[in-house]
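Every value quoted in this text rests on a predicted model; they were computed, and no experiment measured them.
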Amino acid sequence: MTSFSRAGRALAILFAPFALVQPLLAQQAAPPPPVEGQPLPPVPQPQALQTGSEVPWLYKGSDVPVDEKWLFGQMKNGVRYAVRRNGVPPRQVSIRVRIDAGSLHETDKEQGYAHLLEHLLFRESKYLGQAEAIYAWQRLGATFGSDANAETSPTHTAYKLDIPNIDDAKLSESFKLLSGMIREPVLNDANVAAERPIVLAEKRERGGAGLRMADLTRQTFFAGQRLATRSPIGTDETLKAANGKDVKAFYDRWYRPENTVIVVVGDADPMVLAGLVEQWFGDWKGTGKPGVAPDFGDPVPPAGAQDDGVTGAPIGQLAVGVEPDLPRSLTYAVMRPWRQVTDTIKYNEGLLTDAVAQAIINRRLESRARGGGSFLYAQVQQDDVSRSTDATFVTFAPLTGDWQAALADVRAVIADALTNPPTQEEIDREVAEFDVVFANAVEQETVESGSDLANNLVNAVDIRETVAAPKVVLDVFRGMKPRLTPDVVLERTRGLFEGTVTRSVYVTPTAGEADVGALKLALAAEAKVDGTARLAAQSISFDELPPVGAPGAITAQNPLGVLEIEQVDFANGVKALVWANDAEPGRVTVRVRFGAGYRAFDKDNAVYAALGQGALVGSGVGELGQNELDRLATGRKIGFDFAIDDAVFTFTAQTRSEDVNDQLYLFAAKLGMPRWDKDPVIRAKAASELAYNTYSTSPGGILNRDLEYLVTGGDARFATPDPAALKTVTPEGFRAVWEPLLKQGPIEVLVFGEFDQPAVIEQLRLTFGALAPREPIPADVAARVPTFAPTSATPSVVTHRGDANQAAAVVAWPSGGGVASLRESRQLEILTQLFNNRLMDALRERAGASYSPQVFSNWPTDLASGGRITALAQLEPEFVPVFFAEAEKIAKDLAASPPTADELERVTEPLSQMIRRASTGNQFWLYNLEGATQDPQRVTLLRSLLADYSQTSPQVMQFLAERYLSKASPFRLAIIPEGQTLAEAPAGGARANAALAAPAGR
């Protein structure tokens, strides 16, 4: 008898329809045979592996045990590599190429070149013609932006590639294409000119108040260091002056074998992966004279600086930034020079002790904020920043203009931590929290994704440290626990606040509220030692808590008809889907669906919808407030995420096998015996008031704030509460709205993961089965569906208060909803991806007008209607009419003419691979089966899911485009700067139109 893995059984369900609808699929999905006469080049045996007694390059000088699941190599030309077999997800290989050069390696005239090079390597290279890279990766099944991407930081540039459904041919092709990009990009004036507007568009989209304050913060905290004047995005002046020769000179200095680390993790023989690295990069030689890494500099105090009143470090650079639309935020940091360390076990024990010390302070600060303190939140965090400084940052948000009082309160809590040792109970509480995290990592090691493993190793290289297996981390932590005494933690706490200079930035919306002199005076003042924020650390046991109610009765328990999932029905109407499996060892996902979702609200109570997401969970359970719930969860992995969906409320948590029963109790208790503490409501209200104006600082902020409200024709349920609405909020009003909503509508509980199934079903009987029968959702509430904004000959116009060169535009078409047409909605996803590719070509590649235009489909499955297709982009104000014209043109073209076979392949292959990969995890099945206890169609339709997303025809796409994009009248929205009017045509229209007529790019 053949034994199939759980993942294999699950995938079989998705593949089953293929045999019915397309018998030839297996042949089509098979690896493409080599072209006749051009066999795949043989993969050589690796020669540069560091084996036996040789210490791998990553572990030189370290006593951290080598993670033997990795194979390390270093070639004669200087390229270092690490490879590892990993089957999560199956048949995927993740490749990372890290170049040890970022914005800190640029000269003044080269600012932005490292990031510009990242773009140019995708533009054209040895094996890829102009703008072919994205298409090539799509044909290999990779989704651009997630599977094929890159990043530039101050210290490195990393190229990231995740190739699904790998085989020998695709693996070889991937290395070939990637090696051409890294080793032999085409760097000339034409390519720089083509890519420059895209980079400038990316820079523009990041602009505004937030960027100004980020720049001020960077310049202040890193004054005198390269990091102060080196943002990876560069400057307008340097980018506009860039040319092929100068960019190539930067490339030649830094893109060299000795600066390169290659990491490959995937479902393949690691010896083959190592051989491919050596085959494609072993003969690489640098061009010209290598660059010499500059000195990044150290934080240095000014001469004669006054000492900080808490830490004793001299007070250095200070700044006050005034931005009318940003909330108050104050950060101060104790700065120390960064020095490369020897990554030893002793060093890591010190870091872990530091982490415990910070956790103790942060818990005290959070307790003070929850109790109605002078600040909304506060946090202490030690960080090594870009190999430039080792700093301890203190960040908090004053609730009012009395920032001095908030600063004094925060410093008083920290002063206590620096003066008096913590209690052993406090230490033990944080130790229990860390222990469960590290133990969970050991349990999850077999399901850690290859992409995460690759990213972790790249990050270790960046900070010049090693990687350790989860068991090593857990053993080191547990081995040091007896030494975590109050005196030891006090000593490490003091070390966190020792340094060479203290610097600070205060951001305020009110001019005149603060200045550098006042900030310096406040920091120099002696801090009061306040120990009242210390928390009682006694644990609370679930055994001490009252029952939810009288245990319920099971009325039915039957297989769902898919996988080994069982449906369990209880006498009170609660229904559960339970699936015990070993796909993700130790991990359990719990989701509770109940009530009416956004349907429950109207214009009179809509303000409480948004506040519910911030305050409902914190309001407590039974006799337990938020602090007591934290104590209850000590040493456990228990979550409590709350969300409002179209037609249902949800509680969700990722928990562990040993904690799942307690997680179920907590969720059921929230429904059966909720508590209504006032402080979480007051805090959520304050947070909303402080955040509201921030939305106005950019077009992206307005999109986040208003798009849902505007596209539904002003439906108050989807409005972000403004200050006037928030003034009406009271804790009593919050309870009056939410208390009845927790009692309404059917409950569905989904428990998927590794657990004792009989024990969980019994716990469901004792918790959810014990709840009182639910009240029905009122008929008028159940009938509510989102409307669609009335169409108009002219776009709706909304203004923002950001930069004058920032705008955004939206076109939305109504679609549908419901499970009955779910298969059609999946085909719509293919159509929107086709639309997205064409819009990307038009606005990004040909016009350089937008960095990342997007097209997406929303199809509510819990409502009969209310869906839509949305296209949006951020761009310059003059290009808003271009966006509308291009979106309309693409919509009409898709309706008038079917797409090409190549266009479809570049969409369906990545979608197909995305589903195949996702289906190996429990989250995929939970997401696609939620609601099935109320609508069994979802189970039936699951079987066609993969086919629906990956099989179509040009004619079907044309039909759907005609139905949804051609016949329906779209809603159009323009978001432009205050004081401007909507452009009728782009300035220099001939230039813009000529750009749009240029050959298509990637």
Side-chain angles (χ1 to χ4, degrees), residues 539-557 566-578 588-596 612 616-634 636-642 648-677 680 735 738-753 755-777 933:
S539 62
I540 300 174
S541 171
F542 276 90
D543 296 336
E544 302 169 7
L545 301 181
V548 174
I554 296 174
T555 58
Q557 182 173 339
E566 288 198 351
Q567 178 171 327
V568 184
D569 297 349
F570 296 91
N572 62 352
V574 172
K575 299 178 185 294
L577 296 179
V578 181
V588 185
T589 300
V590 179
R591 177 165 296 168
V592 180
R593 289 163 49 93
F594 67 95
L616 185 66
V617 173
S619 296
V621 170
E623 297 301 316
L624 306 177
Q626 197 165 8
N627 289 332
E628 290 76 21
L629 287 174
D630 283 352
R631 288 163 55 194
L632 186 68
T634 298
R636 301 172 179 271
K637 185 173 176 58
I638 288 179
F640 213 136
D641 293 334
F642 173 65
V648 69
F649 303 117
T650 60
F651 295 146
T652 305
Q654 287 277 348
T655 185
R656 300 191 303 163
S657 306
E658 52 264 58
D659 296 327
V660 62
N661 282 354
D662 293 335
Q663 181 72 66
L664 289 170
Y665 173 89
L666 202 58
F667 281 165
K670 185 62 187 178
L671 295 176
M673 43 187 184
R675 180 181 171 103
W676 302 101
D677 284 346
R735 178 174 184 174
W738 277 103
E739 191 166 29
L741 296 185
L742 295 184
K743 301 175 182 178
Q744 282 182 5
I747 294 175
E748 178 184 79
V749 186
L750 300 98
V751 189
F752 285 22
F755 52 84
D756 182 333
Q757 184 156 316
V760 162
I761 292 175
E762 175 62 11
Q763 180 70 352
L764 284 167
R765 188 180 73 85
L766 297 175
T767 55
F768 283 92
L771 292 171
R774 307 285 290 174
E775 297 175 5
I777 298 173
T933 60

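The side-chain heavy atoms of L666 and L632, taken from C-beta on, include a pair separated by under 4.5 Å. For the pair E748 and V592, the minimum side-chain heavy-atom distance is 4.5 Å or more. Contact of the V760 side chain with the V660 side chain is registered, since non-hydrogen atoms from C-beta on lie closer than 4.5 Å. Side-chain contact between V648 and F594 is absent, with no heavy atoms from C-beta onward closer than 4.5 Å. Annotation: side chain of T652 is not in contact with side chain of F642 (no heavy-atom distance under 4.5 Å). Using a 4.5 Å cut-off on side-chain heavy atoms (C-beta onward), V578 and Q757 make contact. Taking 4.5 Å as the limit, some side-chain heavy atom of F768 sits within range of a side-chain heavy atom of L671. For the pair I761 and E566, the minimum side-chain heavy-atom distance is below 4.5 Å.
The distance from the CD atom of Q626 to the CZ atom of R675 is 11.0 Å, given to the nearest 0.5 Å. Here the CZ atom belonging to F755 is positioned 11.5 Å from the OG1 atom belonging to T655, to the nearest 0.5 angstrom. Taken to the nearest 0.5 Å, the CZ atom of R765 stands 11.5 Å off from the CG atom of N572. Interatomic distance, CD of E739 versus CD of Q744, reported as 12.0 Å (0.5 Å rounding). The line from CG of N661 to CG of D756 is 8.0 Å long, rounded to the nearest 0.5 Å. Rounding to the nearest 0.5 angstrom, the gap separating the CG atom in D662 from the NZ atom in K637 is 14.5 Å.
Smallest separation of non-hydrogen atoms from G625 and D677: CA-OD2, 3.5 Å. Closest non-hydrogen pair, G639 versus A653, comes out as O-CB, 3.6 Å. Counting all heavy atoms, side chain and backbone alike, P746 lies closest to I777 at CD-CD1, 4.5 Å. Counting all heavy atoms, side chain and backbone alike, G618 lies closest to P680 at O-CG, 3.2 Å. The two residues V568 and Q557 make their nearest non-hydrogen contact at CG2-CG, 4.0 Å. Looking at every heavy atom in both residues, L771 comes nearest to G672 through CD2-CA, 3.5 Å.
Annotation: cation-pi pair K670/W676 present, NZ/CZ under 6.0 Å from the ring centroid and within 45° of its normal.
Classified by interplanar angle (parallel below 30°, tilted 30° to 60°, perpendicular above 60°), the ring pair W738/F649 is tilted.
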**Request:** Output, in order, the C-alpha distance, side-chain angles, deciding distance and verdict of side chain to side chain contact (heavy atoms under 4.5 Å, CB included) for I554 and L764.
**Result:** CA-CA 10 Å; I554 296 174; L764 284 167; over 6 Å; no
**Message:** Determine whether I747 and R593 satisfy the following criterion, side chain to side chain contact (heavy atoms under 4.5 Å, CB included), listing intermediate values before the conclusion.
**Reply:** CA-CA 6 Å; I747 294 175; R593 289 163 49 93; over 6 Å; no
**Candidate pair F752 and V590, rule side chain to side chain contact (heavy atoms under 4.5 Å, CB included), full reasoning** = CA-CA 7 Å; F752 285 22; V590 179; over 6 Å; no
**Item:** Steps toward side chain to side chain contact (heavy atoms under 4.5 Å, CB included) verdict (F542, I638)
**Value:** CA-CA 12 Å; F542 276 90; I638 288 179; 3.8 Å; yes
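Under the 6.0 Å cut-off for aromatic ring centres, F640 and F651 qualify, their centroids lying closer than that.
By the neighbour-count criterion of 12 heavy atoms within 6.0 Å, atom CD of E623 is sparsely surrounded, having that number or fewer from other residues, nucleotides or ligands.
Checking D569 against Q567 by side-chain atom types alone, a donor-acceptor pair falls below 3.5 Å.
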